[in-house]
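A short write-up of the structure that comes next.
The first residue of the sequence shown is numbered 1, and numbering continues consecutively from there.
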Amino acid sequence: MDTKKPPETISINMTGVMCVYSALFMRFAWVVRPRNLHLLVCHASNETVQLYQLSRWLRAQRALKNRSMARNLTI
């Protein structure tokens, strides 16, 4: 499962694209008549997972920056 992989392996570009893609298709699923609730739920689920992955990547980058700053202070 991707949520168990190290956050350093997350592709920030692909995650961002998937967030935009899912958001666009959620809007499409809501606007189209008749409303396609199944498609809306699928893309809402994907959006949630992608945002979680994005938050994992951001936290890992922040921790890496803090570690490097702390290392520079001790030198």
Side-chain angles (χ1 to χ4, degrees):
M1 181 177 260
D2 284 346
T3 59
K4 302 297 181 194
K5 290 182 181 177
E8 295 82 22
T9 62
I10 296 171
S11 169
I12 189 65
N13 292 333
M14 188 62 168
T15 302
V17 167
M18 291 300 293
C19 283
V20 171
Y21 169 83
S22 288
L24 288 173
F25 271 90
M26 279 192 301
R27 184 185 182 290
F28 170 77
W30 186 256
V31 171
V32 71
R33 296 286 180 213
R35 286 194 172 128
N36 191 339
L37 296 180
H38 181 73
L39 182 65
L40 178 69
V41 169
C42 288
H43 283 289
S45 300
N46 187 39
E47 183 77 15
T48 303
V49 172
Q50 295 303 322
L51 289 173
Y52 174 69
Q53 292 289 69
L54 183 63
S55 72
R56 288 182 61 226
W57 183 84
L58 288 170
R59 278 184 272 144
Q61 294 301 312
R62 191 176 329 135
L64 186 64
K65 183 179 176 182
N66 288 343
R67 272 188 248 134
S68 67
M69 286 176 52
R71 194 176 307 129
N72 289 339
L73 290 176
T74 59
I75 294 179

Open item on the list: With a 4.5 Å cut-off on side-chain heavy-atom distances among I, L, V, M, F, W and Y, is there a chain of contacts connecting V49 to M18?
Closed with: no
Task: Same apolar cluster (I L V M F W Y, side chains within < 4.5 Å links), W30/L39 - done: no
Task: Gap separating the NZ atom of K5 from the CD atom of Q53, nearest 0.5 angstrom - done: 9.0 Å
TODO: Taking all non-hydrogen atoms of both residues into account, name the closest pair between Q50 and C19 and its distance.
DONE: CB-SG, 3.6 Å
Task: Considering all heavy atoms, the nearest I10-T15 contact - done: CG2-OG1, 3.5 Å
Task: With Y21 via ring pair (Phe, Tyr, Trp, His ring centres under 6.0 Å) - residues at least two apart - done: F25, H43
TODO: Measure across S22 and E47 and return the closest heavy-atom pair with its distance rounded to 0.1 Å.
DONE: CB-OE1, 3.2 Å
Open item on the list: For a 4.5 angstrom cut-off between non-hydrogen side-chain atoms, does R33 reach R35?
Closed with: yes
Open item on the list: When you compare the side chain of L51 with that of T48, does any pair of heavy atoms fall below 4.5 Å?
Closed with: no
Open item on the list: Using a 6.0 Å cut-off, check whether atom CZ of R27 has over 12 heavy atoms from anything other than its own residue.
Closed with: no
- [ ] Could you give me the CA-CA distance, side-chain angles and deciding distance for T3 and Y52, then say whether side chain to side chain contact (heavy atoms under 4.5 Å, CB included) is met?
- [x] CA-CA 9 Å; T3 59; Y52 174 69; 3.7 Å; yes
Task: Separation between CZ of R59 and CZ of R62, rounded to the nearest 0.5 Å - done: 8.0 Å
Task: From L40 atom CG to F28 atom CZ, the distance as rounded to the nearest 0.5 Å - done: 11.5 Å
